[in-house]
Amino acid sequence: QSQVSTTYYVAFISGRTNATNYMVQGQTGAAPQAATAGTAVNIYRAFNELDDWEDQVVEDVNPSIHADVDEDVLYNSTDLSSDNVAVMAACYADGADTVDVTVDGWTTDSDSYIQIYTPTMSSEAGASQRHTGIWETGYYRSGGALTIYESFVRVDGMSIRQNTADWGIYVTNVSGEGEILISNNLCIIAYVSTAYRAFSVSGNSSATDLTVKLWNNIGIHYGTDAAAAAFRVTNLNVDTTVYLYNNTGVTAAGPAFYNDSSEAAIHLLNNLGYSASGTSFDGPFNSVSYCASDDNTADDWGGTGNRTGQTFTFRYATGDDYHLAGTDTGALTYGSDLSANTVIAFSTDIDGSTRSGTWDIGADEFIATSNAITISNLVLSNIGDTGFDSAIDFSGDDNVNSTATLYYCNNTDSPDCDPETGSSQVMTRMSSTFQKSVSGLSSPNDPGDVLNIRVVAADTDGVTGSPLNDTLTLGGT
C-alpha cells in the first residue's frame with residue numbers, strides 16, 4: 001500500500017527475487033500505479049485469517065489496509081469459470097489460525113480452481129511456510145476445520161490439530177463434476193471423545209464425475225471411539241473415485257483407513273496403517289497394493305506388495321512425529337515408485353524431500369543423514385529461583401541410539417566447578433531436540449547463585465559438538 005498526496009493505492013506481490021526485490025502487479029494483473037522514488041510503502045497481508053479470505057467481504061479485509069482501497073483486495077467475482085481464472089490462497093506461518101473455514105459459494109472448473117496452500121519456494125517467501133510433518137511448525141490451524149463443498153479445490157501443506165470435536169479436512173456434498181486434490185497435509189484429532197475424522201470424504205449423492213486424490217498426508221486420531229478413523233470414505237455414489245497414495249494413518253481405536261461406500265471406487269497404494277486397538281484397513285476397497293499394517297488387514301483385498309503384522313518405528317511418536325526412523329523394518333523401502341503413475345505422478349514426500357530408489361510406504365520418505373549425532377544451540381529458559389528449562393538441537397542419529405545428559409554445579413559456592421562433578425539428569429529426546437526441566441532446587445542452590453551448565457551427548461556412532469556449556473543465575477539469566 002502506498003500513498004501519493006492524499007490518494008491511496010495498492011499493488012499485489014506476484015513474485016520475489018530476494019529479501020529486497022519483489023515483482024508487483026495491479027488488481028487485474030496489469031502494471032500497478034507508479035510511485036516516485038522514496039515513496040513510503042507498507043506491506044500487509046490482504047487477510048489475517050483463511051476464513052476471512054474465503055468470505056470475500058470488505059469487513060474481513062486486513063484493517064491495516066486503508067478504507068479507500070480495501071475493496072481492491074477482493075476478487076471481482078466468485079464465478080471463477082466465467083472469469084477464466086484460478087485463485088490461490090497462500091497461508092503464512094505467523095501464528096495459529098483458529099477459525100473454521102468452509103469453501104462454498106464459488107463456481108469452479110478444471111482450469112478455474114481454488115488452491116489453498118503454504119508457500120515453500122524462495123520465489124514465494126523468504127522461508128518455507130509449510131509444516132515439517134510436525135505440529136506447530138510452519139502455518140498451522142488450531143481448532144479450525146477445513147470443509148470443502150466446491151468441485152475443483154486443491155489443498156496443499158496444511159497442518160491442523162483439533163482439541164475439540166471437529167474435523168480436520170472434510171470434503172462433503174460436492175455435486176456435479178469435480179476434482180479435489182489433498183496433498184502434504186498433517187491432521188491430528190487429539191480430542192479423545194469424538195469420531196470426527198482427520199480426513200473425510202463423504203455425502204455426494206449428486207456427483208456426476210468426481211475424483212478425489214489424497215497423497216503424502218499424515219492423519220492421526222487419538223479418539224477412543226471405534227469409528228474414530230484417520231482416513232474415512234463414506235456415503236459416496238457410483239460416479240465417485242477416490243485415490244489414497246502414500247498416506248500414513250495412525251489411530252488409537254478406530255480404523256486407520258475406512259470405507260463403507262459400496263458404489264464408489266476406492267484405490268489404495270503405498271499407505272501405512274496403524275491402529276493401537278482397532279483395524280488398520282477396514283473396507284471394502286477396489287484395490288490395495290504396497291500397503292502395510294500392524295494387523296492382518298492390509299492384504300484383505302488382494303493386490304501385490306502388501307505387508308501385514310508389521311512393527312513400525314517412528315522418529316518420535318510420543319510427540320506426534322510419525323516420520324519413519326532409520327531403524328524401521330515395516331515400511332522402509334517396501335513401497336512402489338509412483339513418479340510416473342498415471343493417476344498421481346509425484347516424486348517427493350510430505351516434507352518435500354525427494355523420493356528415490358525403492359520408495360518407503362507412507363507419507364514420509366526416510367532420508368539418511370548420519371548415525372552419528374551433532375548437537376548445538378544450548379538454550380536455557382524459564383529460569384526461576386528453584387529451577388530452569390534446558391534444550392539442545394540435534395541432527396543425525398538415524399539409528400536413534402544417542403543420549404544427552406544435563407550436568408550442573410554451583411559456581412557461587414564452588415568457583416570454576418566442573419558441572420560433571422555436580423548434579424546430572426538425563427534429557428528427554430524429542431523430534432530434533434533434547435529437553436529437560438529442572439525443578440525443586442533448594443539450598444545450597446539459592447536465588448542469585450550462578451550455576452555452570454553442561455550438556456554431554458553420547459553415541460557409539462560418533463558425536464560432534466559435545467559438550468555444550470553455559471551459565472545461569474537462579475532467579476535471573
Side-chain angles (χ1 to χ4, degrees), residues 93-96 126-129 131-140 142 159 161 314-321 323 325 369-477:
D94 52 4
S128 174
Q129 305 298 298
H131 63 83
T132 60
I134 304 170
W135 172 242
E136 284 190 317
T137 58
Y139 168 82
Y140 63 98
S142 179
S159 177
R161 183 184 181 95
F314 300 107
R315 195 162 64 186
Y316 184 60
T318 304
D320 298 334
D321 182 355
H323 293 83
T369 54
S370 172
N371 284 336
I373 191 172
T374 298
I375 66 171
S376 62
N377 192 31
L378 170 59
V379 176
L380 305 173
S381 60
N382 299 321
I383 303 168
D385 291 343
T386 61
F388 60 93
D389 293 340
S390 62
I392 63 167
D393 296 330
F394 77 87
S395 60
D397 192 31
D398 288 348
N399 55 352
V400 198
N401 69 339
S402 66
T403 60
T405 304
L406 171 71
Y407 297 93
Y408 55 93
C409 65
N410 193 311
N411 188 71
T412 299
D413 294 343
S414 303
D416 300 321
C417 64
D418 182 346
E420 293 184 52
T421 64
S423 300
S424 66
Q425 296 194 31
V426 176
M427 303 183 77
T428 300
R429 181 192 179 100
M430 311 292 279
S431 295
S432 57
T433 64
F434 281 93
Q435 301 178 9
K436 189 64 185 180
S437 293
V438 176
S439 61
L441 295 179
S442 59
S443 183
N445 296 306
D446 302 313
D449 284 357
V450 175
L451 304 186
N452 293 342
I453 309 295
R454 177 174 297 165
V455 173
V456 177
D459 191 327
T460 56
D461 303 298
V463 177
T464 300
S466 180
L468 299 173
N469 296 289
D470 204 347
T471 63
L472 63 82
T473 301
L474 291 177
T477 58

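The structure displayed is predicted, hence computed values, not measured ones.
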Go through it in stages, so that I can follow the logic: the residues are F314 and S431, the test is side-chain contact (heavy atoms from CB on, under 4.5 Å), and I'd like the CA-CA distance, side-chain angles, deciding distance and then a yes or no. CA-CA 10 Å; F314 300 107; S431 295; over 6 Å; no
Euclidean distance, [Y] [atom2] relative to [X] [atom1], rounded to 0.5 Å:
X: D461; Y: N371; atom1: CG; atom2: CG; value: 4.5 Å
X: S423; Y: Y407; atom1: OG; atom2: OH; value: 11.5 Å
X: N401; Y: R429; atom1: CG; atom2: CZ; value: 8.0 Å
X: D470; Y: I453; atom1: CG; atom2: CD1; value: 7.5 Å

[X] side chain near [Y] side chain, heavy-atom distance below 4.5 Å:
X: K436; Y: V455; result: no
X: I134; Y: R315; result: yes
X: Y139; Y: S159; result: no
X: N411; Y: T471; result: no

Taking [Y]'s backbone N and O only, do any of them form a donor-acceptor pair with [X]'s side chain (distance below 3.5 Å, no angle check)?
X: T412; Y: D449; value: no
X: Q435; Y: A391; value: no
X: D398; Y: S370; value: yes
X: N410; Y: S414; value: no
X: N452; Y: C417; value: yes
X: H323; Y: T132; value: yes

Please find the pair of heavy atoms, one from [X] and one from [Y], that lie closest to each other, and give the distance.
X: D385; Y: G475; result: OD1-CA, 3.3 Å
X: D446; Y: S442; result: OD1-C, 4.4 Å
X: S424; Y: T405; result: CB-CG2, 4.0 Å
X: M427; Y: F434; result: CE-O, 3.5 Å
X: Y408; Y: V438; result: OH-CG1, 3.8 Å
X: Y140; Y: A96; result: CE1-CB, 3.4 Å

Under the rule for side chain to side chain contact (heavy atoms under 4.5 Å, CB included), what residues qualify as partners of N469, not counting sequence neighbours?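 Applying side chain to side chain contact (heavy atoms under 4.5 Å, CB included) to N469 gives R454, P467.
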Please determine whether side-chain contact (heavy atoms from CB on, under 4.5 Å) holds for the pair F388 and L406, giving the CA-CA distance in whole Å, both sets of side-chain angles, and the decisive distance to 0.1 Å. CA-CA 12 Å; F388 60 93; L406 171 71; 4.1 Å; yes
Do any side-chain atoms of residues 374-384 form donor-acceptor pairs under 3.5 angstrom with protein atoms, and if so which ones, sequence neighbours left out?
from	atom 1	to	atom 2	distance (Å)
N377	ND2	D393	OD2	3.0
N382	ND2	D389	OD2	2.6

Would you check, one step at a time, whether the test side-chain contact (heavy atoms from CB on, under 4.5 Å) holds for L474 with T386? CA-CA 7 Å; L474 291 177; T386 61; over 6 Å; no
Quick check: are there more than 12 heavy atoms from other residues, nucleotides or ligands sitting under 6.0 Å from CG of D94?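 Check passes, neighbour count above 12.
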